[in-house]
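Since the structure comes first, as structure tokens, the remarks are kept for the end.
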Amino acid sequence: MNVHSCIPVLVLSALLLACGGKNTPSNVETPGKEKTTKDKVLEAGADLLQDKRPLKALDMYLDGFHFYNGDMKGQMEAHHYCRQINNDCIQCVIFDGNGADAKIMGVEYIVSEQVFKTLPADERKLWHSHHHEVKSGTLIAPGIPEVAEHELMEKLVSTYGKTFHTWHTDKDLVLPMGHPMVMMGFTQEGQLQDSLVAARDKRFGISTAEKKENRADIPTPAIQAGANAWEKGEIRQLKVTDDYKGVLSHHHLN
């Protein structure tokens, strides 16, 4: 089955109808007063009257783990709410939990191997592969039947992700601080903290080890050159600069 084939109706229906949430509270306590009655009434009215089509299109839920590019000790769970734009591209909003109190902490763009091959060499260094996340069982699609999850993972195993976290909820427990950070995915056993996996498995009532065994039949793809550049010491990270003219020139005027 290749990445260009459409997700079958069974899988799509499962993704749309599954729950598998409300078991991971936000790690952040944001300062501020409680909402007023007026605020709540305005929110209820807006919810009823306004069209939120882009949000309603986020019909896929993935849960996995990231680390800061250049700092593998900085690890955290990431709840992805995604939409498959087409057969080769998925976009995700990432939260620090899966309840109503969850905080947006970043975004991830996922592309097929075919699209990744078209990227310039320097651009590829910002992207990570998903082969280990899938094969290790650490990437899950909570709430859907095992057969549907397995088929989804067959597609994701050869994809690549580009991830930025805007709120570092593992350490900034009040407000988003600093600048966005480039994130990476794990590529081999022993990198991801066992305690994070154990805590996640307990909350969801699953076994990562069993998922790994169940996915043994999924072929491991060859990793395309340039991905996971951190493994070769080529770290790409953002920085704050006053040279905005140089940045604009580089991105828009060349």
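Start at 1 with the first residue, then count along the sequence. Here the structure is a predicted model, which means the values were calculated and not measured.
Between the NZ atom in Lys135 and the OG1 atom in Thr220 there is a gap of 4.0 Å [rounded to 0.5 Å]. With rounding to the nearest 0.5 Å, the separation of OG in Ser26 from CG in Asp101 is 5.0 Å. Atom CG of Asn23 is separated from atom CZ of Phe204 by 4.0 Å, given to the nearest 0.5 angstrom. For the atom pair CE of Met105 and CE of Met181, the computed distance is 13.5 Å after rounding to the nearest 0.5 Å.
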Applying side-chain contact (heavy atoms from CB on, under 4.5 Å), run through His150 and Ile218 and close with a yes or a no. CA-CA 9 Å; His150 189 283; Ile218 299 178; 3.7 Å; yes
I would like to know whether Ile235 and Lys125 meet side-chain contact (heavy atoms from CB on, under 4.5 Å); could you show each step before the answer? CA-CA 8 Å; Ile235 308 300; Lys125 297 174 183 178; over 6 Å; no
Tell me, with the steps shown, if Val182 and Leu126 meet side-chain contact (heavy atoms from CB on, under 4.5 Å). CA-CA 7 Å; Val182 179; Leu126 293 168; 4.2 Å; yes
Please report the C-alpha distance between Asp201 and Thr208 in whole Å, then the side-chain angles of each, then the deciding distance to 0.1 Å, and finally whether the side chain to side chain donor-acceptor pair (under 3.5 Å) criterion is met. CA-CA 7 Å; Asp201 285 8; Thr208 291; 2.8 Å; yes
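Within 6.0 Å of CD on Glu231 lie more than 12 heavy atoms contributed by other residues, nucleotides or ligands. Asn86 CG: more than 12 foreign heavy atoms inside a 6.0 Å radius.
Note on ring orientation: taking the six-membered ring where Trp is involved, the planes of Tyr68 and His168 are perpendicular (angle over 60°, cut-offs 30° and 60°).
Between the side chains of Gln75 and Asp170, no donor N or O sits under 3.5 Å from an acceptor N or O. Using a 3.5 Å distance cut-off with no hydrogens or angles, the side chains of Thr159 and Glu113 do not pair a donor with an acceptor. In this structure, a donor-acceptor pair under 3.5 Å is present between the side chains of His79 and Tyr61.
Each of Phe65, Phe67, Trp230 was checked for a ring pair (Phe, Tyr, Trp, His ring centres under 6.0 Å) with Phe186, and the lone residue meeting it is Phe67.
Taking the six-membered ring where the residue is Trp, the centroids of His80 and His66 are separated by under 6.0 Å.
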